[in-house]
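The analysis underlying the following values was restricted to heavy atoms, covering all of them including side chains, and did not include hydrogens, waters or symmetry mates.
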Amino acid sequence: MGEVLWESQPSLLMIRYDYCPEDWLQRLLVEPQLPPVVLQSLNSTTPPSSHFSRALHLICLSSVDYPAEQLAALLETVRGARSIFYISAAVANASSYHVLHSLLRQCYKLKVLPVIALMSVDAGQFYYRYRPYPRFELEQRALDQRPFFVAHLSNMQRQPLILLPDQKHPRTIIYTDWRTGSQVLAGSVGRFMRTLAWKLNATIQFPMQIKSGVGLHYKELLTLIEQFQVDVPATVVQLMRPEQLPLISFPFELSHICLMIPRAQQLPIKEVYLILGSVYHLLIALAVVYSFGLLLSLHRCLTGQAISLVDFLLNDVALRGVLGQSFGHTLHTSIYVSTIFLMLAVLGLNVSSIHEAALGTLLTHPPKYFQPRRFADVQRAQLPLVVDGEDLENSYDLSELDLRLLPMNSSDYHSHRNKMNQSHVYFASRLKWTLLSEQQKYFPHEVFLYSMDACIRTLTHMVFQLPKSTWFLEPITRLILDARDFGLFQHWVDMHFYDMAAAGLLSFTDPLQREPQRLKEALRLEDLQWIWIAYGALLMLATLVLVLEILLKRVQQRFGRS
C-alpha cells in the first residue's frame with residue numbers, strides 16, 4: 001500500500017472502512033508521510049471535498065455479490081479520482097472473483113479508468129486492473145510492476161473513436177473530397193479531433209449518417225449523445241455555468257463575442273442634392289430673403305413709394321441678390337438702399353461660392369450613411385439583430401440592449417451570416433470574424449466590420465463539454481496544451497479559409513449589387529432625379545398660380561360689368 005501512496009502522491013486519502021481488516025487498517029494509518037485521511041462509511045452520501053485535487057479513494061468491499069446499480073452509484077462518487085478497491089475474503093472462492101470481475105466490468109462501462117483492485121486472499125502478491133482496448137480484458141499484475149494506475153488512454157488499438165460534429169463553421173467542417181469520395185473532417189476543431197484520433201491510434205467514426213452543411217445546435221447534440229453512444233461531441237461551447245465544470249477540458253479557445261455590423265455605404269449622387277436642399281437650409285434661405293425683402297419694402301413705404309403685398313411676401317430684388325444674380329435699380333438711390341444692395345451682393349457672393357464648393361466636394365467625394373458601432377447606434381439605425389433561437393435562452397442576456405431581435409434556427413442563422421446579408425447585424429466570435437475578414441479581401445470593398453465597442457462577451461472560454469461517462473478528458477486536455485505549445489492551434493486557425501474554400505462553402509461574389517464604375521466627373525440622368533422632381537413640382541405650382549390668376553381676373557371682370 002505504501003508503494004501505491006508513493007506513486008499517487010495524493011493530497012487526501014478517503015477510506016470507506018466498513019470491510020477493511022482492523023490490523024491492516026492500523027498498519028496503513030501509521031505509514032510515513034501519510035496525507036490527510038477521511039474515514040467514511042460505505043453508505044455515506046457525503047461528497048468528497050472539492051478543495052483537494054488529488055484525492056485517492058480506498059474502498060473496502062465484502063465478497064458478496066453487489067447489484068450493478070449499487071456499484072454504479074458507488075463509482076459515481078469516485079469518478080475522476082484514483083481509486084483502490086480492497087475485496088475482503090477469508091478464502092479464495094468464486095464469489096470473491098465474481099465481485100472483482102463485476103466491479104472492473106462496471107468501471108469499464110462507466111469509463112472509470114484509474115482503478116486497481118486488491119484481493120485479501122492474494123496476501124499482497126498481486127493487484128488487478130483492466131485493459132479497455134481492443135476489448136475489455138482483466139489483468140493480474142505483480143505488486144512490483146509499475147505503474148499501478150493507467151494514467152490515461154494511450155493506445156486504442158485502431159478501435160473507433162465515436163465523434164458527433166456540430167458543423168458550426170469554421171471550427172467544424174465536413175465535406176466530400178472530390179478526389180477520393182470520402183468525407184473529410186476539417187476546421188480547427190475537426191483537425192483537433194483528427195489529431196486526437198491519430199495520437200490515440202484510433203479510427204474516426206460517426207454514429208449516424210452526417211449530411212454536409214447541416215449544422216446542429218448543442219441542444220440537438222445532447223439529445224443525439226443520449227440516443228447514441230458518443231465518445232466526444234466535436235464542438236466547443238462557452239463556459240458560462242458552474243455545473244459545466246466537472247467535465248470540461250482546458251480552454252480550447254479564448255474568444256470575443258461581438259457584433260458584426262454592416263459597413264456604411266456611399267450615398268447615391270442624387271442624395272447629394274437632398275443634403276444641400278434640406279429643410280434646414282431652405283428655412284435659413286427663406287428667412288434671409290424675407291428679411292431683406294421686408295427691409296426693402298419698409299424703406300419704400302417710408303419714402304412714399306408705391307408698394308404691394310407681393311413686395312413683402314416675395315421680393316424680387318432680395319431673391320435675386322441672395323441667389324447671386326444681377327438686378328436693376330434706379331441711378332438715384334439713397335445711401336440706405338445702396339448699403340442694403342451692398343450687403344445683398346456680399347451675401348449672394350458668399351452663398352454662391354459656398355454652395356458651389358459644397359456641391360463640387362459632395363459630387364466628387366460623396367459622403368456615407370451613418371456608421372453604427374455601438375449597441376445604441378444599432379438601435380438608432382433600426383437594424384434587427386439575428387440570433388440563434390436556442391442561444392437566445394441560454395447564452396445571451398439581451399434584455400438590457402433594447403434591440404429588435406430576429407430569432408432563427410441554427411441553419412438559417414449561419415446561412416444568413418455567411419451570405420453577409422446587410423439588412424441585419426449578427427454576433428460572431430473572433431475566430432469567425434478572422435475567416436470573414438479574409439473572405440472580404442476578395443470584394444471591392446468591405447461589407448461588414450467587427451465592432452469591439454459592441455461585445456456581449458469578452459475573453460470567453462470555449463471548451464469541450466464531454467459526456468458524463470468518458471475517459472477522454474485527460475487526453476483531450478493534454479493535446480490542447482501540446483497544440484498550444486507547438487503552434488498547432490494557430491496553424492489550424494490559419495487553415496480555416498483553405499478548409500472552407502475546399503468545402504465550397506465560401507462565396508467570392510460581392511454580396512452587394514454595386515454600381516458599375518463611372519467615368520470621372522460624369523453625371524447620369526438618374527443622378528438628377530430630385531432636380532427633375534423639384535423642377536416639375538415648381539412648374540406645376542407656377543401653372544396652378546397662372547390658372548388661378550386668370551380665373552381671378554375673369555371673375556373680377558364679370559362682377560365689374562354687373
Side-chain angles (χ1 to χ4, degrees), residues 1-61 71-88 100 103-104 106-108 110-120 122 124-132 139 141-154 245-250 466 468-478 481:
M1 191 63 191
E3 293 84 354
V4 179
L5 289 174
W6 181 84
E7 179 185 307
S8 301
Q9 296 183 350
S11 57
L12 177 70
L13 177 61
M14 299 193 67
I15 303 177
R16 303 289 182 96
Y17 58 85
D18 298 60
Y19 297 100
C20 293
E22 291 187 8
D23 58 338
W24 181 79
L25 191 59
Q26 288 175 358
R27 290 198 308 271
L28 173 64
L29 294 177
V30 297
E31 283 282 344
Q33 299 180 351
L34 190 69
V37 177
V38 176
L39 298 177
Q40 282 186 328
S41 172
L42 194 60
N43 299 321
S44 175
T45 58
T46 304
S49 175
S50 59
H51 299 289
F52 294 88
S53 58
R54 300 190 315 276
L56 176 64
H57 293 262
L58 173 58
I59 304 169
C60 297
L61 302 173
L71 286 178
L74 180 62
L75 291 173
E76 285 296 330
T77 64
V78 301
R79 181 181 292 279
R82 295 186 174 188
S83 305
I84 304 171
F85 287 88
Y86 181 84
I87 301 175
S88 179
L100 171 67
L103 173 66
L104 294 182
Q106 192 66 29
C107 290
Y108 171 74
L110 296 178
K111 293 183 170 60
V112 178
L113 190 59
V115 171
I116 65 172
L118 300 173
M119 299 280 290
S120 61
D122 290 332
Q125 298 179 1
F126 306 103
Y127 68 93
Y128 301 86
R129 68 184 190 186
Y130 71 93
R131 183 184 301 168
E139 289 185 315
R141 298 165 63 93
L143 280 178
D144 58 353
Q145 288 184 276
R146 311 289 179 84
F148 292 102
F149 295 96
V150 178
H152 57 85
L153 289 179
S154 57
L245 293 174
L247 286 171
I248 62 167
S249 67
F250 186 84
L466 300 177
K468 192 173 183 180
S469 296
T470 183
W471 46 38
F472 295 99
L473 179 59
E474 189 169 353
I476 287 176
T477 297
R478 286 175 178 268
L481 294 174

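- The CG atom of Leu61 lies 11.0 Å from the OG atom of Ser120; values are rounded to the nearest 0.5 Å.
- Between Ala81 and Pro114, the shortest heavy-atom contact is O-CG, 3.8 Å.
- In this structure, the side chains of Ile15 and Leu28 come closer than 4.5 Å at one or more pairs of heavy atoms.
- Side-chain contact between Pro35 and Leu12: absent, with no pair of heavy atoms (C-beta onward) separated by less than 4.5 Å.
- Side-chain contact between Ile476 and Phe250 is absent, with no heavy-atom pair separated by less than 4.5 Å.
- Side-chain contact between Asp18 and Ser41 is present, with at least one heavy-atom pair separated by less than 4.5 Å.
- The main-chain N or O of Arg129 is never found under 3.5 Å from a side-chain atom of Arg141 such that the two would form a donor-acceptor pair.
- Using a 4.5 Å heavy-atom threshold, the side chains of Leu110 and Arg79 count as touching.
- To the nearest 0.5 Å, atom CD1 of residue Ile84 and atom CD1 of residue Ile116 are 4.5 Å apart.
- Side-chain contact check for Cys60 versus Trp24: some heavy-atom pair is nearer than 4.5 Å.
- Counting all heavy atoms, side chain and backbone alike, Tyr128 lies closest to Asp122 at OH-OD2, 2.9 Å.
- Inter-residue side-chain proximity for Leu58 and Tyr17 is flagged as unmet; no heavy-atom pair is nearer than 4.5 Å.
- No donor-acceptor distance shorter than 3.5 angstrom exists from the side chain of Thr477 to the backbone of Glu474, with no hydrogens or angles considered.
- Residues Ile248 and Leu473 come closest through the heavy atom pair O-CD1, 3.2 Å.
- Annotation for Pro21 and Tyr86: closest pair CD-CE2, 3.5 Å, computed over non-hydrogen atoms.
- Evaluation of the side-chain hydrogen bond (donor to acceptor under 3.5 Å, both in side chains) rule for Tyr19 yields no partner, not counting sequence neighbours.
- Pairing each heavy atom of Phe85 with each of Ser83, the nearest pair is CE1-CB, 4.0 Å.
- Annotation: the span from Ile59 atom CD1 to Leu103 atom CG amounts to 8.5 Å, rounded to 0.5 Å.
- At least one donor-acceptor pair under 3.5 Å links the side chain of Arg16 to the backbone N or O of Leu42.
- Atom CZ of Phe472 sits about 15.0 Å away from atom CZ of Arg478, to the nearest 0.5 Å.
- Here the side chains of Tyr108 and Val115 are not in contact, with every heavy-atom distance at 4.5 Å or above.
- Scanning all heavy atoms of the two residues, the minimum distance from Val112 to Tyr130 falls at O-OH, 2.6 Å.
- For Ala73, there are no side chain to side chain contact (heavy atoms under 4.5 Å, CB included) partners, not counting sequence neighbours.
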